[in-house]
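So the structure is just underneath, and the comments pick up after that.
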Amino acid sequence: MKTKLTSISRRSLKNLGALLAITTTLASTSTSQAAVNWDTPAAVPAGQRVEYAKAAIATDAAGNVFSAGYRDYGAGNVQALVTYRTNGGGALPDNFFRPTADQYVYTGGVFDPAANRLYLSGTRTVVGGTNTWFVRCLAVNPGVGIGAQQWITYLTPAVLGIGITHSYGGTLAFDGLDVYASGCLNNGIVVTKIVPATGALSPAWPAVAPAVAGVRYLIGANWTCPPLLMPGSVTGGIFQAVRQSFVRVTGTSVFLGGTLNRAAISLEDMAVLRVVKGGGFIGTVPAGFPAWRDNVNQRDCMFGLAAIGDYAYATGSSVNGGAVPTAMTISLLANGANRGGTPIMGVLGSYSNDIEAFDNAGTYTFSFGGNNVAAGFVTRCVSTNVGAIAGAASFGYGAAATDEVCDLTIGSGAANGIVYATGQIWDAMAASNCEQIMRIDNAGFVSGDKLPAGYAECYGNGVIYTAGGMASVFTSGNSLNGALFTAQRTSVTP
């Protein structure tokens, strides 16, 4: 069991005792197994491991879905992996990346539907040496498979114009024009603006010394970007301790988020940087940023970031003494100040893994989810685009102390505004953990479907709504069946 904040084992929460839980309003619940088309978990040979990254799930225009992460064959043979599933759940050939004998993992992914290109972010690790962030572009033939590499960019500290040793890949965003990639350094978080056709750093963001054009960052000489547990990771996997950063893009802003330890100033804090996307101040960082969530001498860690317009929404945990977390969500204005009614704090022992925001004609809704000690939860808050945050409505995800929500997505089209959650839920009949997809519609009605049980650890760690073809919800996840092998799986539900 891990005891430090930087690798807290959330499975240990059941040992915290009968603590107060977040007030949970349960709507009507129904289960419809017939509606689900689950892929059967595929066994990985003994000694090998497969994990998908929480933020490395993407969909093309036809509703086919990519899930990226890594496959560890043992003895240092770690290869970046992309699994491609059709909208109906059919498997296409996997795509591996290991051009040298070093280790490669993916941590982020987005798709360009106009150019049929898949952009992937990750880290190359030279054992005993340096870590290097990279962004890679692959051609895709929708419904057929992944094609040739179009370009690859290695974002070393020298390329970024920053004299540090290591860089680590984070998440990606794509707004139809440019690719935005987040990453970590030894002592900071970085966002880059990348030209999709070439992989070059964009000159549209003028150089700000010592960084070069296309780069914005938040660093300090004595700071660190700590390794944290990625929601939905399996015990013993690489994603149990990775340096996480987040990027979200709106029509007006680019938000960079992450966790930084500022040494003498405080322990770990949530950090948010805003970069002006367009207009006469393109590429500038406005007043009020960076914005910090520093809960006195608590360890405040970010596990999710969302954005609408010039507003950012962050979620994670605040940990007292590195032992007992409390779920926390913050909402920031354009000037970096907290909006009315925030931050929102949970109870002792709770934590939040993800957050998503939705703009319904000026009514802003954001939902966040995780574990509230007693069970998993999703909490939804509403406000106008200028008003204070209204009272929160919470929905239970399971009923066991180990249940948790790992990721959320919001539907579009016929499912506009509907929240879908995935994570882990205890199946008492099978006496094991399994994944559940939960849907919360706009009236608060809740329905859920479970993956067949039979795994000691079984997480849905990434979920995405696919509007192309047959509208569906697709999840990727990580499973551990005993101690001998990991079972990899993906799933589709209408």
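Values reported hereafter were calculated over all heavy atoms of this structure, with side chains retained and with hydrogens, waters and symmetry mates removed. FYI, the numbering just counts along the sequence from 1.
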Heavy-atom closest pair, residues A271 and M302
O-CE, 3.5 Å
Supply the atom-to-atom distance R274 CZ to N335 CG, rounded to the nearest 0.5 angstrom.
9.0 Å
Is there a donor-acceptor pair under 3.5 Å between the side chain of T409 and the backbone N or O of Y420?
no
If you measure only the distance, is there a donor-acceptor pair under 3.5 Å linking the side chains of Q103 and Y70?
no
C381 vs I344 side-chain heavy atoms within contact, under 4.5 Å:
yes
Any S245 side-chain heavy atom under 4.5 Å of R243 side chain:
no
Stepwise side chain to side chain donor-acceptor pair (under 3.5 Å) check, T466 with S472:
CA-CA 5 Å; T466 69; S472 63; 2.8 Å; yes
Are E435 and T422 close enough that a side-chain donor and a side-chain acceptor fall under 3.5 Å?
yes
Looking only at the side chains, is there a donor atom on one of T132 and T156 sitting less than 3.5 Å from an acceptor on the other?
no
One pair to check against side chain to side chain donor-acceptor pair (under 3.5 Å): S352 and T315. What are the steps and the verdict?
CA-CA 6 Å; S352 181; T315 198; 2.7 Å; yes
Heavy-atom donor-acceptor pair, E356 side chain to T365 backbone, under 3.5 Å
no
Point-to-point distance, once rounded to the nearest 0.5 Å, from CZ of F246 to CZ of F303
7.5 Å
W151 versus V135: any side-chain heavy-atom pair under 4.5 Å?
yes
Would you give the length of the straight line joining atom CD1 of I194 to atom OH of Y180, rounded to the nearest 0.5 angstrom?
10.5 Å
Heavy-atom nearest pair, P343 first then N338, reads CD-ND2, 3.7 Å
Counting only heavy atoms not in Y154, do more than 12 sit closer than 6.0 Å to its OH atom?
yes
For L256 and R216: C-alpha separation, side-chain torsions, deciding distance, then whether side chain to side chain contact (heavy atoms under 4.5 Å, CB included) applies.
CA-CA 9 Å; L256 168 68; R216 296 293 181 267; over 6 Å; no
Does a donor on one side chain sit under 3.5 Å from an acceptor on the other, for N64 and T86?
no
Hey, does L201 have a side-chain heavy atom less than 4.5 Å from the side chain of L155?
yes
I'd like to know if the side chain of Y397 reaches the main chain of G423, judged simply by a donor and an acceptor atom lying under 3.5 Å from each other, with no hydrogens or angles considered.
yes
Side chain H166, main chain N131, donor-acceptor under 3.5 Å:
yes
So that I can tick it off, tell me whether D94 and R71 are bridged by a salt bridge, with the cut-off set at under 4.0 angstrom between side-chain N and carboxylate O.
no
Side-chain heavy-atom pair W133, T107 within 4.5 angstrom cut-off:
no
Quick one, P196 and F174 - any side-chain contact, counting heavy atoms below 4.5 Å?
yes
Quiz question: by atom type and distance under 3.5 Å, do the side chains of S318 and D300 form a donor-acceptor pair?
yes
Would you say Y52's side chain and I57's backbone share a donor-acceptor pair under 3.5 angstrom?
no
Please find the pair of heavy atoms, one from T259 and one from P226, that lie closest to each other, and give the distance.
O-CD, 3.3 Å
Taking all non-hydrogen atoms of both residues into account, name the closest pair between R49 and G237 and its distance.
CD-CA, 3.8 Å
Test your reading of the model: is there a side-chain donor-acceptor pair from T342 to the backbone of I330, 3.5 Å cut-off?
no
Measure across S233 and E457 and return the closest heavy-atom pair with its distance rounded to 0.1 Å.
O-OE1, 4.2 Å
Side chain of S350, backbone of P325: donor and acceptor closer than 3.5 Å?
no
Quick one: does any side-chain atom of T123 pair with a main-chain N or O of G169 as donor and acceptor, under 3.5 Å?
yes
Does some side-chain heavy atom of P99 sit less than 4.5 Å from a side-chain heavy atom of Y104?
yes
Does NZ or CZ of R136 fall inside the cone over F97's six-membered ring, less than 6.0 Å from its centre and within 45° of the axis?
yes
CZ of F366 to CD1 of I410, rounded to nearest 0.5 Å, is 11.0 Å
Could you pull out the closest heavy-atom pair between K277 and T250, with the gap in Å?
NZ-O, 2.9 Å
Between atom CG of L118 and atom CZ of F111, what is the distance when rounded to the nearest 0.5 Å?
7.0 Å
Between atom CZ of F474 and atom CD1 of I464, what is the distance when rounded to the nearest 0.5 Å?
9.5 Å
Any chance the rings of Y459 and F239 have centres within less than 6.0 Å?
no
Does D359 form a side chain to side chain contact (heavy atoms under 4.5 Å, CB included) with N385? I'd like the steps, not just the answer.
CA-CA 8 Å; D359 181 4; N385 57 0; 6.0 Å; no
Is there a side-chain contact between C301 and V319 (heavy atoms, below 4.5 Å)?
no
Working note: F289 + V272, criterion side chain to side chain contact (heavy atoms under 4.5 Å, CB included); need CA distance, chi angles, decisive distance, verdict.
CA-CA 7 Å; F289 287 94; V272 178; 4.0 Å; yes
Hits for side-chain contact (heavy atoms from CB on, under 4.5 Å) against A115, two or more places apart or cross-chain, chain-then-number order -> D112, R117
Flag, side chain of N478 to backbone of V234, donor-acceptor distance under 3.5 Å
no
Given side chain to side chain contact (heavy atoms under 4.5 Å, CB included), test V159 with V215 step by step and report yes or no.
CA-CA 10 Å; V159 169; V215 178; over 6 Å; no
Taking N461 for its side chain and C406 for its backbone only, find out whether a donor-acceptor pair lies under 3.5 Å.
no
